[in-house]
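Remember, it's a predicted structure, so these values are computed and weren't measured experimentally.
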Amino acid sequence: MLAQTGGAAAAAHEPSSHGKAHLGKAVLITTAVLWLLDWVSTSRLDAREALGIAAWVSAVLGALTAVAHRLDTQRTPVWRQLLTLALTAGIASSLIHLAALLLVMALPGSFAEGPRQTFGATAVVGFFDGDALFGFWALLVELPRRIGAERRLEQERHALRQEAELARIRAALEPHFVLNTLNTIAGLVTEEPREARDLIATLGDLLRDAMQESRRHHHTVREEVSWLRGFARILESRHVGRLAFEWDVDRSAEDCVLPALLLQPLLENAVHHGALRRPGRGRVALRIADDADRLRCTVEDDGPGFDPGAARPGGRGLDLVRRRMALESAHASLRVDAKPGRTRVEIVLPRRSA
């Protein structure tokens with residue numbers, strides 16, 4: 001069974017109440033400015049003219065807002081977004097102007113001046129009026145919305161970084177993990193002192209790295225794999241004869257960059273929910289490949305498998321990885337292929353070098 005998520009899920013949507021507030025403010029301000037300009041130029045107050053301006057502004061800005069919310073801002077180039085919105089404003093404005101012209105022609109008695117332009121001229125003027133209105137809308141509605149969305153994304157990135165760091169610390173300092181490792185070391189001190197010394201050094205390295213304050217949010221593949229090897233080394237010693245790890249990392253990928261400890265929850269899941277749940281010896285394989293402009297990371301185990309769509313009590317590893325990837329890049333993806341005897345989790349990230 002496959003479960004996939006792409007970076008498109010990363011888009012943070014603004015609450016509808018905020019979007020409506022921005023739109024309402026833009027309609028009021030723009031209508032007031034245009035009505036004031038019309039009053040200055042004609043030296044007369046015309047309620048019907050003001051009503052027409054308000055209807056035109058509301059229709060055009062409403063169309064712009066609706067189209068803007070449907071655009072994929074992460075995957076669509078900026079020039080294409082601007083072109084789409086400019087065409088939307090121009091076409092919507094032209095239609096409103098033509099509708100107003102038809103109304104004047106249908107009710108000549110209600111409009112003393114009658115129609116002053118042809119259909120073609122009205123459509124052209126309406127188009128350029130719409131593009132001018134597009135500029136007001138971009139400043140009053142879209143720019144504040146984009147800034148707010150980016151601020152919320154950055155807040156979520158920060159929260160996920162903290163959660164990932166806490167997960168790392170828990171993995172190394174979790175009392176059962178430390179106590180079980182110390183018990184393993186105690187059992188080896190007499191019979192295999194060299195193995196005991198190696199485990200003490202490995203545990204010390206993990207604890208040091210876990211407690212060390214670091215402001216970096218990304219690691220190289222080399223650093224990521226080095227920490228995971230130490231983690232796996234302790235697990236192999238604790239579960240002698242029941243657990244084996246395989247490592248296949250392209251040398252050309254070692255200097256590539258990925259979010260810090262992105263793979264740790266996947267490796268931990270593969271051990272506890274996969275390899276250790278099968279009778280006899282379980283296997284966990286980590287493969288990292290440099291695939292042209294992409295970095296492809298795979299964690300595989302030979303356990304009983306699971307349903308990727310079913311929630312496990314206390315299991316947030318996949319969700320954390322999925323959300324961190326979505327925030328990292330619009331072109332990142334995660335795929336889970338789970339069946340009895342094999343579970344394979346593959347993540348793909350744009351290739352970035354240190």
Practice item. Could you check Glu236 against Val240 for side chain to side chain contact (heavy atoms under 4.5 Å, CB included), going step by step and ending with a plain yes or no? Key: CA-CA 6 Å; Glu236 282 181 319; Val240 178; over 6 Å; no
Review point. Among Lys339, Arg277, Arg278, whose salt bridge (Lys or Arg N to Asp or Glu O under 4.0 Å) with Asp302 holds?
Key: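 That would be Arg278.
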Side-chain heavy atoms nearer than 4.5 Å, only ILVMFWY residues, links allowed to pass through others: does that put [X] and [Y] together?
{"X": "Val299", "Y": "Leu318", "value": "yes"}
{"X": "Leu266", "Y": "Val225", "value": "yes"}
{"X": "Trp56", "Y": "Val124", "value": "no"}
{"X": "Leu334", "Y": "Val348", "value": "no"}
{"X": "Ile200", "Y": "Leu182", "value": "yes"}

Is there a side-chain contact between [X] and [Y], using heavy atoms and a 4.5 Å cut-off?
{"X": "Phe127", "Y": "Leu87", "value": "yes"}
{"X": "Leu286", "Y": "Leu263", "value": "yes"}
{"X": "Val249", "Y": "Val221", "value": "yes"}
{"X": "Glu254", "Y": "Thr220", "value": "no"}
{"X": "Val257", "Y": "Leu295", "value": "no"}
{"X": "Val345", "Y": "Arg335", "value": "no"}
{"X": "Ser329", "Y": "Pro350", "value": "yes"}
{"X": "Leu349", "Y": "Leu262", "value": "yes"}

Can you tell me how far the [atom1] atom of [X] sits from the [atom2] atom of [Y], to the nearest 0.5 Å?
{"X": "Leu243", "Y": "Arg238", "atom1": "CG", "atom2": "CZ", "answer": "10.0 Å"}
{"X": "Cys297", "Y": "Met325", "atom1": "SG", "atom2": "CE", "answer": "8.5 Å"}
{"X": "Thr84", "Y": "Arg70", "atom1": "OG1", "atom2": "CZ", "answer": "13.5 Å"}
{"X": "His272", "Y": "Leu267", "atom1": "NE2", "atom2": "CG", "answer": "9.0 Å"}
{"X": "Trp247", "Y": "Leu228", "atom1": "CH2", "atom2": "CG", "answer": "5.5 Å"}
{"X": "Asp301", "Y": "Arg344", "atom1": "CG", "atom2": "CZ", "answer": "12.0 Å"}

Practice item. Please identify each residue that fulfils salt bridge (charged side-chain N to carboxylate O under 4.0 Å, His left out) with Asp129, with sequence neighbours left out. Key: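 Salt bridge (charged side-chain N to carboxylate O under 4.0 Å, His left out) check on Asp129 returns nothing, list empty.
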Review point. Which pair of non-hydrogen atoms, one from Ala63 and one from Ala92, has the smallest distance, and what is that distance?
Key: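 It is CB-CB, 4.2 Å.
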Check your understanding: Which pair of non-hydrogen atoms, one from Ala244 and one from Arg281, has the smallest distance, and what is that distance?
Key ->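 Result for this residue pair: CB-NH2, 3.4 Å.
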Check your understanding: Should Trp227 and His219 be marked as a side chain to side chain contact (heavy atoms under 4.5 Å, CB included) after you check the CA-CA gap, both sets of side-chain angles, and the distance that decides it?
Key -> CA-CA 11 Å; Trp227 198 91; His219 286 172; over 6 Å; no
Practice item. List for me each residue that meets side chain to side chain contact (heavy atoms under 4.5 Å, CB included) alongside Glu246, sequence neighbours excluded, and say none if there are none. Key: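 Only Arg283, Ala285, Arg287 meet the side chain to side chain contact (heavy atoms under 4.5 Å, CB included) criterion with Glu246.
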Exercise for review: Let me know which of Asp290, Asp291, Asp293 forms a side-chain hydrogen bond (donor to acceptor under 3.5 Å, both in side chains) with Arg351.
Suggested key: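 It is Asp290; the other options fail the test.
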Practice item. Go through Leu199 and Ile234 one step at a time and tell me if the side chain to side chain contact (heavy atoms under 4.5 Å, CB included) criterion holds. Key: CA-CA 7 Å; Leu199 278 184; Ile234 290 179; 4.2 Å; yes
Exercise for review: Measure from the side-chain N and O atoms of Arg242 to the backbone N and O of Gly282, and report whether any donor-acceptor pair falls under 3.5 Å.
Suggested key: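 Not confirmed, Arg242 side chain does not pair with Gly282 backbone.
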Exercise for review: Please confirm whether the backbone N or O of Ala89 pairs with a side-chain atom of Ser93, one donor and one acceptor, at under 3.5 Å?
Suggested key: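 Side chain of Ser93 to backbone of Ala89, a donor-acceptor pair under 3.5 Å: no, none is there.
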Review point. Just checking, is any N or O donor in the side chain of Glu300 or Thr343 under 3.5 Å from an acceptor N or O on the other one?
Key: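 No.
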Practice item. Carefully, step by step, assess Arg233 and Ser237 under the rule side chain to side chain donor-acceptor pair (under 3.5 Å). Key: CA-CA 6 Å; Arg233 171 82 173 84; Ser237 296; 2.8 Å; yes
